Amino acid sequence: MKVGRRLAIKLLNVGKFVLGSLGATADLVGAEVSEPVDAALLARLRGVVTEATAAMEAYNYTRALEVTETFFWQFCDDHVELVKTRAYGEDGGPVEGATSAKAGLATALSVLNRLLAPVLPFATEEVWSWWQTGSVHRAAWPTVEELPTGGDPALVGVAAEALAAIRKAKSEAKVSMRAPVESAVVHAPATEVALVEAVRRDLVAAGIITTLTVEPGQGPLTVDVVLAPTE
């Protein structure tokens, strides 16, 4: 009950944030995304829909929930935090970037609502009622055809890893997550350098980074962080 309550409350909270604060709307569900991070999110979600659907059809409800919930928490903790500045239109980039962020968020929220509906019937119905007509329990089960092709699912993990390293540095320094970073140097395996570059805009905004450098390195991805001096 404790675990289920936490999941239900998180769904309600992220729904309020995405639909209210960030301004995602129903007409953006399935809309084209232009940013690599958003395309990567939906590419990862295609895999989740495929696996969860197969599990449901095999009556393996536990596995369907496990796959969906794992993605859901990554969506909340990593992706929403990564793109929210762009969705607000506060990153200084073109307006298309904000629209892409909102489209990715709206599409993912719609799909997640339907995937979670069998196990969170009341919370999903409440969130659905905020922006969709009818009942989530009469809505079609999500399919991969709803989601765009393209996008590199690996980008999601690399972006989350880099953001987590920056957050860890701030946490260890006992400063706010909103504390500015003077410089950050990402040391990434050669195969991941291009992925980090693809997420540069969102990473700089989410980490409040003045200077971000990406260098090929040996071993797993690491980030050297220098916090901005406090007054």
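Computed from a prediction, not measured in an experiment: that's the story for all the values here.
Taking the centre and axis of the six-membered ring of Trp128, the NZ or CZ atom of Arg138 falls outside the cone set by 45° and 6.0 Å.
The environment of CD in Glu32 is sparse: at most 12 heavy-atom neighbours from other residues, nucleotides or ligands sit within 6.0 Å.
The minimum heavy-atom distance linking Ala43 with Pro153 is given by the pair CB-CG, 3.8 Å. Considering all non-hydrogen atoms of both residues, Ala40 and Leu155 come closest at CB-CB, 3.7 Å. When every heavy atom of Ala98 is checked against every heavy atom of Ala87, the shortest pair comes out as CB-O, 3.9 Å. Contact between Pro121 and His137 at its shortest, heavy atoms only, is O-NE2, 3.0 Å.
For Pro189, the side chain to side chain contact (heavy atoms under 4.5 Å, CB included) criterion is met by Thr191, Glu192, Leu221, not counting sequence neighbours. Every residue meeting the side chain to side chain contact (heavy atoms under 4.5 Å, CB included) condition with Ser183, not counting sequence neighbours, appears here in chain and number order: Thr211, Val226.
From Lys170, atom NZ reaches atom OG of Ser176 across 7.0 Å, with rounding to the nearest 0.5 Å. The CD1 atom of Ile209 sits 10.5 Å away from atom CG of Leu227, with the distance rounded to the nearest 0.5 Å. Taken to the nearest 0.5 Å, the CZ atom of Arg114 stands 10.0 Å off from the CG atom of Leu109. Going from atom CG of Leu82 over to atom CZ of Arg201 covers 11.5 Å, rounded to the nearest 0.5 Å. Expressed to the nearest 0.5 Å, how far CD1 of Ile208 lies from CE of Met177 amounts to 10.0 Å.
With hydrogens and angles left out, the side-chain atoms of Arg46 and Thr50 include no donor and acceptor closer than 3.5 Å.
In this structure, Leu42 is a member of the same hydrophobic cluster as Val144, with clusters built from ILVMFWY side-chain heavy atoms closer than 4.5 Å. Note: the hydrophobic cluster containing Phe17 also contains Leu163 (ILVMFWY, side chain heavy atoms under 4.5 Å, direct or indirect links). Leu11 and Val3 are assigned to two separate hydrophobic clusters, defined by single-linkage of ILVMFWY side chains at heavy-atom distances under 4.5 Å. Note on Val136 and Leu65: separate hydrophobic clusters, where clusters join Ile, Leu, Val, Met, Phe, Trp and Tyr whose side-chain heavy atoms are under 4.5 Å apart, directly or indirectly. Under the 4.5 Å side-chain contact rule for hydrophobic residues, Val119 and Phe72 share a cluster.
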inquiry  = Using the rule given for side-chain contact (heavy atoms from CB on, under 4.5 Å), can you reason through Val199 versus Val158, listing the C-alpha separation, both sets of side-chain angles and the distance that settles it, and then say yes or no?
reply    = CA-CA 9 Å; Val199 77; Val158 170; 5.7 Å; no
Pair Asp38-Arg86, side-chain contact (heavy atoms from CB on, under 4.5 Å): steps then yes or no = CA-CA 11 Å; Asp38 307 320; Arg86 175 158 52 88; 2.8 Å; yes
Steps toward side-chain contact (heavy atoms from CB on, under 4.5 Å) verdict (Leu41, Phe71) = CA-CA 10 Å; Leu41 172 78; Phe71 177 88; 3.6 Å; yes
message = Quick one, Thr107 with Glu146, criterion side-chain contact (heavy atoms from CB on, under 4.5 Å). Give me CA distance, side-chain angles, the key distance, then yes/no.
response = CA-CA 9 Å; Thr107 301; Glu146 296 178 39; over 6 Å; no
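By the 4.5 Å heavy-atom criterion applied to side chains, Val156 and Phe75 are not counted as neighbours.
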